[in-house]
Amino acid sequence: METWEKEKGVKFLRKAGLQPGKIVLDFGCKGGHYTIPAALIVGSKGRVYAVDKEQQALKELQQKAKDNDLKNIKIINTSGQTALDFESESIDVILFYDVLHYFGRHDRKKLYQEAQRVLQQDGLLSVYPKHTVEDNPLQEFRELNSNDVKREIENSDFYFEERYCGAISHDDGLNQGCVLNFRKNEDHNCI
């Protein structure tokens with residue numbers, strides 16, 4: 001996984017839309033398989049907020065950040081709530097990678113509303129909808145396919161921009177997967 005985090009993951013996330021200098025929120029970051037490549041992409045002028053409720057995983061991420069001399073990662077321990085403790089329109093990119101299946105429909109809707117609130121007007125919401133019907137069905141996604149997830153997000157005032165597929169991290173291994181990229185609808189007014 002170290003090679004993926006430092007090389008292939010960097011290429012994957014660049015193609016998925018991450019850029020230098022951006023502020024990224026990796027929601028449900030676990031041990032940082034996306035946090036590390038994101039931090040390498042955004043560089044010293046950017047920042048990655050790594051949010052998770054698993055204390056041990058966050059400790060592992062903290063050690064990885066130290067080992068790689070990455071000072072642009074801010075680790076945040078949460079209780080798993082859907083509220084995002086960030087200023088409105090303060091984030092450029094949100095990663096919901098392999099995490100949405102933990103939430104029921106109502107909580108996912110609240111999470112999408114929070115994403116609307118914290119994303120910059122031209123912000124990117126990038127979603128890896130793992131564990132849908134076509135991809136190892138599990139938990140809340142066991143009866144949904146990736147198009148159902150896409151529609152659910154579009155119904156939360158986002159528009160679909162593109163799908164990007166390739167070798168992607170899942171737990172401590174790699175598999176073929178696709179991320180779905182969305183942008184905020186321009187006519188959406190944050191309150």
Side-chain angles (χ1 to χ4, degrees), residues 1-87 90-104 107-108 110-112 114-115 117-119 123-131 135-136 138-141 166-177 179:
M1 288 310 299
E2 189 174 330
T3 300
W4 193 87
E5 289 174 357
K6 292 182 182 178
E7 296 172 19
K8 294 179 182 178
V10 171
K11 289 177 187 173
F12 185 90
L13 289 179
R14 274 193 182 123
K15 287 181 180 176
L18 270 69
Q19 300 172 350
K22 297 296 184 181
I23 307 299
V24 177
L25 169 58
D26 185 1
F27 183 85
C29 65
K30 290 196 177 184
H33 294 315
Y34 303 110
T35 304
I36 298 298
L40 291 168
I41 293 168
V42 302
S44 61
K45 294 186 178 173
R47 173 162 296 248
V48 179
Y49 292 101
V51 177
D52 206 290
K53 66 179 184 175
E54 295 181 25
Q55 187 63 38
Q56 185 57 40
L58 292 174
K59 285 181 184 179
E60 291 170 20
L61 173 55
Q62 187 171 28
Q63 187 60 51
K64 276 193 228 177
K66 183 179 175 184
D67 292 347
N68 289 287
D69 197 31
L70 293 170
K71 296 178 172 66
N72 60 348
I73 297 173
K74 169 79 172 151
I75 295 173
I76 301 171
N77 188 5
T78 69
S79 62
Q81 73 271 14
T82 56
L84 304 175
D85 194 19
F86 295 92
E87 297 284 324
S90 62
I91 304 292
D92 296 305
V93 179
I94 296 177
L95 304 179
F96 287 159
Y97 283 11
D98 189 22
V99 70
L100 292 176
H101 62 280
Y102 290 113
F103 297 94
D107 285 335
R108 286 194 309 273
K110 289 195 304 191
L111 196 57
Y112 304 145
E114 278 293 278
R117 183 185 66 76
V118 302
L119 274 172
L124 170 68
L125 174 62
S126 190
V127 177
Y128 175 31
K130 179 74 175 161
H131 300 298
D135 189 10
N136 192 22
L138 188 65
Q139 294 170 314
E140 296 296 328
F141 274 12
I168 190 166
S169 169
H170 179 252
D171 294 333
D172 289 325
L174 295 177
N175 65 266
Q176 289 298 311
V179 297

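These figures come from a predicted structure and were not determined experimentally.
The local environment of CD in Q55 is crowded, with over 12 non-hydrogen atoms from other residues, nucleotides or ligands closer than 6.0 Å. Residue E140 qualifies as enclosed at atom CD: its count of foreign heavy atoms under 6.0 Å is above 12. The environment of CD in Q81 is crowded: more than 12 heavy-atom neighbours from other residues, nucleotides or ligands sit within 6.0 Å.
The minimum heavy-atom distance between F12 and A167, with the atom names listed, is CD1-O, 3.7 Å. Minimum heavy-atom separation, G32 to P37: O-CD, 4.1 Å. Contact between K64 and I36 at its shortest, heavy atoms only, is CB-CD1, 4.0 Å. A pairwise comparison of heavy atoms in M1 and S169 identifies CE-OG, 3.3 Å as the closest pair. Pairing each heavy atom of I73 with each of A50, the nearest pair is CG2-CB, 4.2 Å. Summarising the geometry of L100 relative to R108, their closest heavy-atom pair is O-CD, 3.5 Å, with the distance given to 0.1 Å.
When each of L174, N175, L13 is paired with I168, the side chain to side chain contact (heavy atoms under 4.5 Å, CB included) condition holds for N175 and for no other.
Within the model, atoms SG of C29 and CG of D98 stand 12.5 Å from one another, a figure rounded to the nearest 0.5 Å. Here the CG atom belonging to L61 is positioned 10.0 Å from the NE2 atom belonging to H33, to the nearest 0.5 angstrom. How far OG1 of T82 is from OH of Y112: 11.5 Å, rounded to the nearest 0.5 Å. L58 CG to T78 OG1: the interatomic distance, rounded to the nearest 0.5 Å, is 8.0 Å. Q62 contributes atom CD, which lies 12.5 Å from atom CG of L70 (distance to the nearest 0.5 angstrom). To the nearest 0.5 angstrom, E87 atom CD is 8.0 Å from R117 atom CZ.
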Starting from the C-alpha separation in whole Å, work towards a yes-or-no answer on side chain to side chain contact (heavy atoms under 4.5 Å, CB included) for I91 and L84. CA-CA 11 Å; I91 304 292; L84 304 175; over 6 Å; no

Using side chain to side chain contact (heavy atoms under 4.5 Å, CB included), reason through D171 and K30 one step at a time and then give a plain yes or no. CA-CA 9 Å; D171 294 333; K30 290 196 177 184; 3.6 Å; yes

Going through the checks in order, is the side chain to side chain contact (heavy atoms under 4.5 Å, CB included) test met by H131 and Q139? CA-CA 8 Å; H131 300 298; Q139 294 170 314; 5.8 Å; no

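We find that K130 and D135 are joined by a salt bridge, their nearest charged nitrogen and carboxylate oxygen being less than 4.0 Å apart. We find that K110 and D107 are joined by a salt bridge, their nearest charged nitrogen and carboxylate oxygen being less than 4.0 Å apart.
Put simply, the side chain of E60 never gets that close to the backbone of G31: no donor and acceptor are under 3.5 Å apart. In this structure, the side chain of D92 does not engage the main chain of V24 through any donor-acceptor pair within 3.5 Å.
Side-chain atoms of T35 and D26 include a donor-acceptor pair closer than 3.5 Å.
In this structure, F86 and Y49 have perpendicular ring planes: the angle between them is above 60°, well past the 30° mark. Taking the six-membered ring for Trp and thresholds of 30 and 60 degrees, F27 and F103 have ring planes inclined between 30 and 60 degrees apart.
Put simply, the side chain of N68 does not reach to within 4.5 Å of the side chain of L40, judged on heavy atoms.
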